[in-house]
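Report on one structure; see the data block that follows.
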Amino acid sequence: MTETLSSILIVGAGQAAAVAAATLRDQGFEGKITLIGDETHAPYERPPLSKDVLAATPENEPAIDVKPIDFYSIADIDLRLGLRVESIDPVAGTAQLSDNSQVMFDQCLLTTGGTARFIEAFPEDAPGVFYLRTLDDAHALRTALKYSKHLAVIGGGFLGLEVASTAHKMGVAVSVIEATDRVLSRVAPPTFSDWLQQRIVHTGLSLHLGNAPASITPPTDIKASWDIRLPDEHHIVADTVMVSVGLSASSALARQAGLDIDPNNGGILVNEQCQTSQANVYAAGDCTSQIRGNAAQASRLESWQNANEQARIAATHMLGKEPAPAAYPWFWTDQFGCNIQMLGLPEPDLNYVIRGELDPKTETPKFIMLGLRNNVPRYAIAVNAGGDLRALRTLFEKGVCINPNEFTDTSVTARAFAKSATAAHNAGQPN
């Protein structure tokens, strides 16, 4: 540990912030840790907002705190909520807060996350319009859905589909409007998108693809509905609208501090150790842009796992220690009666093979789509097959060349297949 390191400031009070603070203490840092967040809630996990929190009642709120509330006092962490960091000076090691106070730091970690992208036609303060990013957003949308008859979801990405699935289970009629020609177009191959689209329709939702609203008429009063007309002449009348068209990195503070920003995606540029262009400032989570693996350019990765991994790596490196490499990328979502897990990062032109049956009408479908390049697994999508996907992880991590025909043979367990393929790889035998 650097001998002069006595104070660390963490800006942003989300998943990455709590994990970083815990890692610092676990790694033996005994100096001052100040954690500042602009929400009034202690750090909580965001994935449940569109699912468990949205479907809960005020009397039965799910536990989503990243750490028990007494963790911060026990670990001697100065947790300050409901405050903004207005500016930081990396050279002077100072941060100016919205209450006019100042915090000194030797090292600073930015975990400022992201903000929902807005559509001008659906102002966030308009009646019946919701953007979901915070716990308060989830509570407000939950209240509205209790009295809603028809929800229009603008956007067919993960968040939009999760909300659509939850609202449908709550008894609300749902229409999903997606501007591109398929759902999850950035992360899934067409075959998977087609399967999911069929399942969405089979579940009972209305799905409109390749349709950005042609005209939007807002309600005339609080009891009226939104009138959304599509280019294909469909006409949707919805008393509630949830907009989910992506996330923008919250990098304004980093810009103010003179840190390098990715011109392509607006994220804070960080190296493998999550260090920014300023040596004593790190960043982790949704606000960052980073080169991963053999990628030619940096990219943003918005995931629960990435927030945890970058927080751990940043905190460890702050203390002058060498962190273990980040885990292989993994993501999950729950929607339409399915647990969907993804391993690796999507790449163009992969050859996909399927283990299991793609029946969208099955109550509990189970299959894995494995994306191969030269028969080496690069990306996988598993539906209700998380255990099998875990068994295959070592194939990804070691770059094992597989026999696709053997993978699709369901008479052999995924674990046995992975063990055999790994053994052949270790022995240097062609598979």
Side-chain angles (χ1 to χ4, degrees), residues 15 19 45-55 62-64 66 157-159 161-166 169 183-184 186-189 191-196 198-200 203 301-309 326-347 350 352-372 376-400 402 404 406-422:
Q15 180 86 31
V19 171
E45 297 189 339
R46 295 188 190 274
L49 297 183
S50 56
K51 300 179 282 289
D52 294 344
V53 172
L54 198 58
I64 63 172
V66 181
F158 287 118
L159 182 61
L161 295 182
E162 287 172 356
V163 169
S165 176
T166 303
K169 287 192 294 185
V183 299
L184 303 185
R186 292 190 301 114
V187 297
T191 300
F192 182 82
S193 293
D194 182 64
W195 174 85
L196 184 56
Q198 292 182 58
R199 186 163 183 85
I200 292 170
T203 302
L301 183 56
E302 301 162 9
S303 78
W304 176 89
Q305 184 209 43
N306 183 60
N308 287 332
E309 288 292 284
Y328 209 87
W330 169 77
F331 180 85
W332 92 96
T333 176
D334 293 309
Q335 52 185 268
F336 306 106
C338 296
N339 171 254
I340 302 171
Q341 299 190 27
M342 300 179 177
L343 187 63
L345 297 175
E347 301 176 20
L350 293 179
Y352 282 90
V353 290
I354 300 170
R355 178 185 174 92
E357 296 294 330
L358 274 68
D359 185 351
K361 298 181 181 179
T362 301
E363 182 176 355
T364 308
K366 181 178 180 180
F367 63 86
I368 296 179
M369 294 186 65
L370 195 60
L372 306 174
V376 175
R378 303 285 294 176
Y379 186 55
I381 304 177
V383 174
N384 297 320
D388 288 349
L389 189 63
R390 285 191 294 274
L392 300 176
R393 179 183 285 270
T394 185
L395 305 180
F396 290 77
E397 295 171 341
K398 293 186 176 182
V400 175
I402 70 163
E406 292 180 0
F407 169 73
T408 60
D409 182 2
T410 56
S411 68
V412 179
T413 67
R415 185 174 299 278
F417 165 77
K419 184 176 181 180
S420 174
T422 302

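Count residues from 1 along the sequence.
- Under 3.5 Å, the side chains of S50 and E162 contain a donor-acceptor pair of N or O atoms.
- Side-chain atoms of N306 and S303 form no donor-acceptor pair, as typed in the model, at a separation below 3.5 Å.
- Across E309 and A326, no two heavy atoms sit closer than the pair OE1-CA, 3.2 Å.
- Side chains of L196 and V383 form no contact here, defined as non-hydrogen atoms less than 4.5 Å apart.
- Note that the CG atom of L372 and the CG atom of L395 stand 10.0 Å from one another [nearest 0.5 Å].
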key: Working for side chain to side chain contact (heavy atoms under 4.5 Å, CB included), residues V187 and L184   = CA-CA 6 Å; V187 297; L184 303 185; 3.9 Å; yes
Pair L49-L54, side chain to side chain contact (heavy atoms under 4.5 Å, CB included): steps then yes or no = CA-CA 6 Å; L49 297 183; L54 198 58; over 6 Å; no
request  = Test side chain to side chain contact (heavy atoms under 4.5 Å, CB included) on I381 and L389 and set out the steps.
outcome  = CA-CA 8 Å; I381 304 177; L389 189 63; over 6 Å; no
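- At least one side-chain heavy atom of Y379 sits less than 4.5 Å from a side-chain heavy atom of Y352.
- Rounding to the nearest 0.5 Å gives a distance of 5.0 Å between CG of L350 and CD of E347.
- Within the 4.5 Å cutoff, side-chain heavy atoms of Q15 are placed close to those of N308.
- Here the straight-line distance linking atom CD of Q341 with atom CG of D388 works out to 10.5 Å at 0.5 Å rounding.
- A donor-acceptor pair is defined here as one N or O able to donate and one able to accept, closer than 3.5 Å; such a pair exists between the side chain of S193 and the backbone of V183.
- A distance below 6.0 Å separates the ring centres of F367 and W195.
- A distance of 5.0 Å separates OG1 in T191 from CE in M369, rounded to the nearest 0.5 Å.
- The minimum heavy-atom distance between L358 and P360, with the atom names listed, is O-CD, 3.4 Å.
- Taking each heavy atom of T408 and I354 in turn, the nearest pair found is CG2-O, 3.2 Å.
- A salt bridge does not link R355 to D409: none of the charged nitrogens lies less than 4.0 Å from a carboxylate oxygen.
- In this structure the side chain of C338 reaches within 4.5 angstrom of the side chain of R199, judged on heavy atoms.
- Atoms CD and CD1, on Q335 and I200 in that order, are 6.5 Å from each other to the nearest 0.5 Å.
- For the residue pair M342 and I340, the shortest heavy atom distance occurs at CE-CG2, 4.2 Å.
- Between the side chains of N384 and N339, no donor-acceptor pair is found at a separation under 3.5 Å.
- Listed here is the closest heavy atom pair of P404 and V353: CB-CG1, 4.0 Å.
- With hydrogens and angles disregarded, a donor-acceptor distance shorter than 3.5 Å links the side chain of Q305 to the backbone of W330.
- Shown here for D194 and Q198, the closest heavy-atom pair between the two residues is OD2-NE2, 2.8 Å.
- With contacts defined as side-chain heavy-atom distances shorter than 4.5 Å, the pair V400/V376 does not qualify.
- T362 and E357 form no side-chain donor-acceptor contact under 3.5 Å, judged by distance and modelled atom types alone.
- Inter-residue side-chain proximity for F158 and E302 is flagged as unmet; no heavy-atom pair is nearer than 4.5 Å.
- Using a 4.5 Å heavy-atom threshold, the side chains of F417 and L392 count as touching.
- Between Y328 and L345 there is no side-chain heavy-atom pair separated by less than 4.5 Å.
- The closest donor-acceptor contact from the side chain of K169 to the backbone of S165 lies at 3.5 Å or more, if one exists at all.
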